[in-house]
S.K.: 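What follows is a structure written as structure tokens; I'll ask about it next.
The structure displayed is predicted, hence computed values, not measured ones. Chain letters run A, B, ... following the sequence lines, proteins first, then strands; residues in each count from 1.
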There are 2 protein chains.
Amino acid sequence: MARRPTLPFDPIAEARRNWSNADWGEAAEGMALVTSVMRAHQILLARVDEALSPFELTFARYEALMLLVFSSRGKLPLGKIGERLQVHPASVTNVIDRLEQHALVRRERHPTDQRTTLAAITPQGRRLAKRASEALNAAVFSQPGVGDGRVQELFDGLAELRRSAGDFEDSTERSSTF
Amino acid sequence: MARRPTLPFDPIAEARRNWSNADWGEAAEGMALVTSVMRAHQILLARVDEALSPFELTFARYEALMLLVFSSRGKLPLGKIGERLQVHPASVTNVIDRLEQHALVRRERHPTDQRTTLAAITPQGRRLAKRASEALNAAVFSQPGVGDGRVQELFDGLAELRRSAGDFEDSTERSSTF
DNA sequence: TTACAATAGTTTGAAGTCAAAGTAATATTT
DNA sequence: AAATATTACTTTGACTTCAAACTATTGTAA
């Protein structure tokens with residue numbers, strides 16, 4: 001992520017003012033929120049990828065690995081991976097290709113359905129996932145960039161956004177992303 | 001964005017439980033927040049790109065255009081665009097290439113510094129930026145997916161995250177992203 | 001004045017995203 | 001049983017991101 005001089009003002013708050021001055025005041029708050037999420041994503045992705053780079057992993061690959069770590073048998077159909085990570089089938093193909101190239105995952109035939117490809121984590125993949133998780137916990141997850149009080153508040157707010165997008169139906173909690 | 005059946009539970013809340021059960025409890029909240037931001041970004045980017053697609057724009061191109069709309073002379077050095085949008089110089093080159101291909105922007109020489117390329121918005125670019133903004137206001141910014149009360153709360157929380165990442169120094173507000 | 005450092009942007013390569021189209025296999029309908 | 005629809009994944013192409021290296025220009029130090 002490109003580094004730059006720290007600005008003395010909040011650029012998104014000022015953009016919100018520009019929006020209001022352009023007679024789009026009603027949408028200004030929403031614009032500022034959307035832009036904030038985009039920027040927060042950029043910041044966190046850069047931090048996560050930096051923490052993962054010693055393991056030659058990216059966040060996309062790491063997420064796929066962790067899905068397999070937490071799966072009961074250490075293997076899942078590619079379609080299920082795409083469903084859980086909410087990415088396009090072509091993206092799953094791409095990520096599993098690369099994990100396979102690094103011997104962290106192996107593709108297997110489905111026992112009864114030849115349309116279906118299973119991704120199975122390897123012992124090496126499991127070990128790397130564990131070490132990468134510990135690095136991520138230390139470098140990012142234990143200090144996500146907001147105070148303790150804010151973490152739950154932000155999570156709840158973003159959960160509302162995810163629910164309204166149809167990610168899930170209720171706050172009763174069962175199975176998992178990973 | 002791939003559509004999928006709505007889950008009856010919150011996948012990220014469940015991942016947080018997995019994290020706690022794996023003895024990474026201290027980092028579980030941060031992990032859930034980071035993953036929430038990633039997913040919120042995905043949702044919002046898909047909605048924004050869908051609203052922009054009739055104009056043959058993407059969010060990256062749209063942001064660059066709006067930066068020029070709000071600039072005082074309708075033109076900026078590419079380095080300044082990268083600084084404000086907080087993207088890599090190569091990304092700016094790429095986005096300006098495409099805006100140029102669509103005749104929405106023109107590259108110009110700097111009057112006194114031959115290292116510097118200026119991006120100047122065209123009349124056609126201005127018109128499209130306005131129409132695209134109106135479409136975005138209607139489709140996304142006026143209904144970002146959380147209730148009115150939550151918008152400011154989320155904005156404030158994400159501002160804390162951006163500040164801690166060095167985006168800006170204080171909450172006194174001056175100039176702008178765009 | 002010259003040599004060196006820094007800046008601005010471009011090019012190349014890698015990574016991951018999605019849309020569309022294609023291939024192969026399975027499920028359903030007739 | 002055969003035809004048709006659907007599913008699962010892959011391939012291709014477009015888009016955007018960043019890292020590293022490169023080229024050209026300007027600024028600074030000696």
S.K.: Are B/Leu118 and B/Leu85 linked, directly or through other ILVMFWY residues, by side chains that come within less than 4.5 angstrom of each other?
M.R.: no
S.K.: Within residues 96-113 of chain B, which residues have any heavy atom lying less than 4.0 Å from an atom of DNA chain C?
M.R.: B/Arg107
S.K.: Show your reasoning for whether side-chain contact (heavy atoms from CB on, under 4.5 Å) applies to B/Arg84 and B/Leu76.
M.R.: CA-CA 11 Å; B/Arg84 290 304 183 79; B/Leu76 287 171; 5.8 Å; no
S.K.: State, yes or no, whether a side-chain contact exists between A/Glu134 and A/Lys130 at a heavy-atom distance under 4.5 Å.
M.R.: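 In contact.
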S.K.: Output, in order, the C-alpha distance, side-chain angles, deciding distance and verdict of side-chain hydrogen bond (donor to acceptor under 3.5 Å, both in side chains) for A/Arg127 and A/Gln124.
M.R.: CA-CA 5 Å; A/Arg127 287 194 295 273; A/Gln124 179 181 337; 5.2 Å; no
S.K.: Checking contacts here: which listed nucleotide (C/dC18, C/dA15, D/dC9) is nearest the side-chain heavy atoms of A/Thr117?
M.R.: D/dC9
S.K.: Counting only heavy atoms not in A/Glu56, do more than 12 sit closer than 6.0 Å to its CD atom?
M.R.: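 Result for CD/A/Glu56: open.
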S.K.: Which heavy-atom pair separates A/Val140 from A/Ala51 by the least distance, and what is that distance?
M.R.: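 Closest approach of A/Val140 to A/Ala51, heavy atoms only: CG2-CB, 4.4 Å.
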S.K.: Show each protein N/O and nucleotides 20-24 of chain C N/O combination with a separation under 3.5 Å, one pair to a line.
M.R.:
none

S.K.: With a 4.0 Å limit, can you tell me whether A/Gln86 has a side-chain N or O closer than that to the phosphate oxygens OP1/OP2 of C/dT17?
M.R.: no
S.K.: Side chains of A/Ile12 and B/Arg162: does their closest heavy-atom pair fall under 4.5 Å?
M.R.: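 Yes - at least one pair of side-chain heavy atoms lies under 4.5 Å apart.
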S.K.: Which nucleotide in the set C/dT10, D/dC18, D/dC15 lies at the smallest distance from any side-chain heavy atom of B/Thr93?
M.R.: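 Closest nucleotide to the B/Thr93 side chain: C/dT10.
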S.K.: For a quick check of understanding: with a heavy-atom distance under 4.0 Å over all strands, which category does A/Val92 fall into, base, sugar-phosphate or nothing?
M.R.: nothing
S.K.: Report the relative orientation of the aromatic rings in A/Trp19 and B/Phe141; use parallel for angles under 30°, tilted for 30 to 60°, perpendicular for over 60°.
M.R.: perpendicular
